[in-house]
Amino acid sequence: MKRNEVNKKKLAIGLSFFTTFGIFAYWISVFTGVFPVVDLIPGYVDWFMAFPLADAWIGVTAFLGGYYLLQGRESAVPFGIAAGSGLIFLGLYAFLYSFNTGLLFMQTMDEYIEIAIKVYCLVVGSFFINYFWKARK
């Protein structure tokens, strides 16, 4: 395996586990009150709280993609692609919601964090789909 391929594999494994950790840490901080969710606009909390299961799906598929990739198993491919697809969906959906409601233009630390999450979702999701598709045998 070429050095560049080894580095991409390490990156895919690292991002898989980081994504899983980030998602579960994020929701633990929401449910424990460390990251309180407030109704910035009517219905925002209800919309926001509709995401835990979908995010858990991304976290589980990212974990399994990274875990199986670490083991060198072919089963990493569908999990990695599923995680990437979930991330892109989440990033696009959250971006458009924020844009349409005007939340995207609020100059608060919480919104800057949310923008960073959206960018992460789109970039890492694209990387996962590209990497895992090419990694299939």
Side-chain angles (χ1 to χ4, degrees):
M1 193 181 287
K2 295 179 185 176
R3 181 181 170 113
N4 189 35
E5 291 173 17
V6 170
N7 288 340
K8 283 184 181 179
K9 181 177 180 177
K10 288 179 181 178
L11 180 61
I13 292 168
L15 287 173
S16 294
F17 293 135
F18 179 77
T19 298
T20 300
F21 172 79
I23 286 171
F24 289 104
Y26 181 84
W27 283 107
I28 288 168
S29 69
V30 167
F31 289 122
T32 59
V34 173
F35 181 66
V37 182
V38 295
D39 238 358
L40 300 170
I41 59 172
Y44 178 75
V45 171
D46 293 333
W47 174 81
F48 189 91
M49 295 309 290
F51 282 91
L53 290 177
D55 284 359
W57 168 257
I58 296 169
V60 169
T61 56
F63 176 81
L64 292 172
Y67 176 75
Y68 289 137
L69 186 60
L70 192 59
Q71 292 185 334
R73 293 176 55 186
E74 178 81 14
S75 51
V77 172
F79 289 110
I81 291 173
S85 179
L87 285 167
I88 289 173
F89 178 85
L90 176 63
L92 291 173
Y93 182 66
F95 170 75
L96 224 56
Y97 178 83
S98 294
F99 180 82
N100 289 335
T101 60
L103 291 173
L104 186 65
F105 309 107
M106 290 184 161
Q107 306 244 339
T108 65
M109 186 52 70
D110 285 348
E111 188 53 36
Y112 293 140
I113 291 168
E114 290 298 321
I115 290 169
I117 291 169
K118 291 169 183 70
V119 170
Y120 179 89
C121 287
L122 295 172
V123 171
V124 174
S126 298
F127 172 75
F128 279 175
I129 291 173
N130 185 5
Y131 176 81
F132 283 98
W133 180 254
K134 290 179 179 178
R136 75 194 191 292
K137 293 180 181 169

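One-based numbering along the sequence shown.
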- Task: Kindly compute the distance separating CG (Leu122) from CZ (Phe95), expressed to the nearest 0.5 Å.
- Result: 8.5 Å

- Query: Do Glu74 and Tyr68 have a side chain donor and acceptor closer than 3.5 Å?
  - Reply: no

- Query: So how far is it from Ser98 OG to Met106 CE, rounded to the nearest 0.5 Å?
  - Reply: 10.0 Å

- Task: Answer yes or no: does atom OH of Tyr67 have more than 12 heavy-atom neighbours from other residues, nucleotides or ligands under 6.0 Å?
- Result: no

- Would you find a donor on one side and an acceptor on the other, under 3.5 Å apart, between the side chain of Asn130 and the backbone of Ser126? no

- Are more than 12 heavy atoms from other residues, nucleotides or ligands located less than 6.0 Å from atom CH2 of Trp47? yes

- Message: Quick check: do Gln107 and Tyr112 have side-chain heavy atoms less than 4.5 Å from each other?
- Response: yes

- Message: How close do Ala82 and Trp57 get, counting heavy atoms only, and between which atoms?
- Response: CB-CZ2, 4.5 Å

- Note on the structure: Taking every heavy atom of Ser16 against every heavy atom of Gly65, the minimum-distance pair comes out as OG-C, 4.4 Å

- Which pair of heavy atoms, one from Gly33 and one from Pro36, lies closest together, and at what distance? O-CD, 3.6 Å

Under 3.5 Å donor-acceptor pairs involving side-chain atoms of residues 21-32, not counting sequence neighbours:
| residue | atom | partner | partner atom | Å |
| --- | --- | --- | --- | --- |
| Tyr26 | OH | Glu114 | OE2 | 2.7 |
| Trp27 | NE1 | Asp55 | OD2 | 2.7 |
| Ser29 | OG | Ala25 | O | 3.3 |
| Ser29 | OG | Tyr26 | O | 2.6 |
| Thr32 | OG1 | Ile28 | O | 2.7 |

- Taking it one step at a time, do Ile113 and Ile117 satisfy side chain to side chain contact (heavy atoms under 4.5 Å, CB included)? CA-CA 6 Å; Ile113 291 168; Ile117 291 169; 4.0 Å; yes

- Message: Please tell me whether Phe48 and Val34 are part of a single hydrophobic cluster in this structure, the criterion being side-chain heavy atoms less than 4.5 Å apart.
- Response: no

- Hey, could you give me the CG/CZ distance between Leu64 and Phe79, rounded to the nearest 0.5 Å? 5.0 Å

- Common cluster, Leu53/Met49, ILVMFWY with side-chain heavy-atom separation under 4.5 Å: no

- Task: Carefully, step by step, assess Val38 and Tyr44 under the rule side chain to side chain contact (heavy atoms under 4.5 Å, CB included).
- Result: CA-CA 8 Å; Val38 295; Tyr44 178 75; over 6 Å; no

- For Phe127, enumerate each residue passing the ring-ring contact (aromatic ring centres under 6.0 Å, His included) test, keeping only those at least two apart in sequence or located in another chain. Tyr131

- Item | Minimum heavy-atom distance between Ser85 and Ile129, given as atom pair plus value | N-CD1, 3.7 Å

- Return the minimal non-hydrogen interatomic distance between Phe128 and Ala12, and the atom names on each side. CE2-O, 3.9 Å

- For Tyr120, check side-chain contact (heavy atoms from CB on, under 4.5 Å) against everything at least two apart and list the hits. Leu15, Phe18, Thr19, Val124

- Message: If you apply the rule side chain to side chain contact (heavy atoms under 4.5 Å, CB included), what do you find for Asn7 with Leu11, and how did you get there?
- Response: CA-CA 6 Å; Asn7 288 340; Leu11 180 61; over 6 Å; no

- Would you mind reporting whether Val77 and Ile81 have side-chain heavy atoms less than 4.5 Å apart? yes

- Query: CD/Glu5 to NZ/Lys10 distance, rounded to the nearest 0.5 angstrom?
  - Reply: 13.0 Å

- Message: What's the separation between atom CD in Gln71 and atom CD1 in Ile13, rounded to the nearest 0.5 Å?
- Response: 10.0 Å

- Query: Any side-chain heavy atom of Phe51 sitting closer than 4.5 Å to one from Leu90?
  - Reply: yes

- Kindly compute the distance separating CG (Leu40) from OG1 (Thr108), expressed to the nearest 0.5 Å. 7.0 Å

- Message: Check for me, please, whether Val6 and Phe132 land in the same ILVMFWY cluster - side-chain distances under 4.5 Å, paths through other members count.
- Response: no

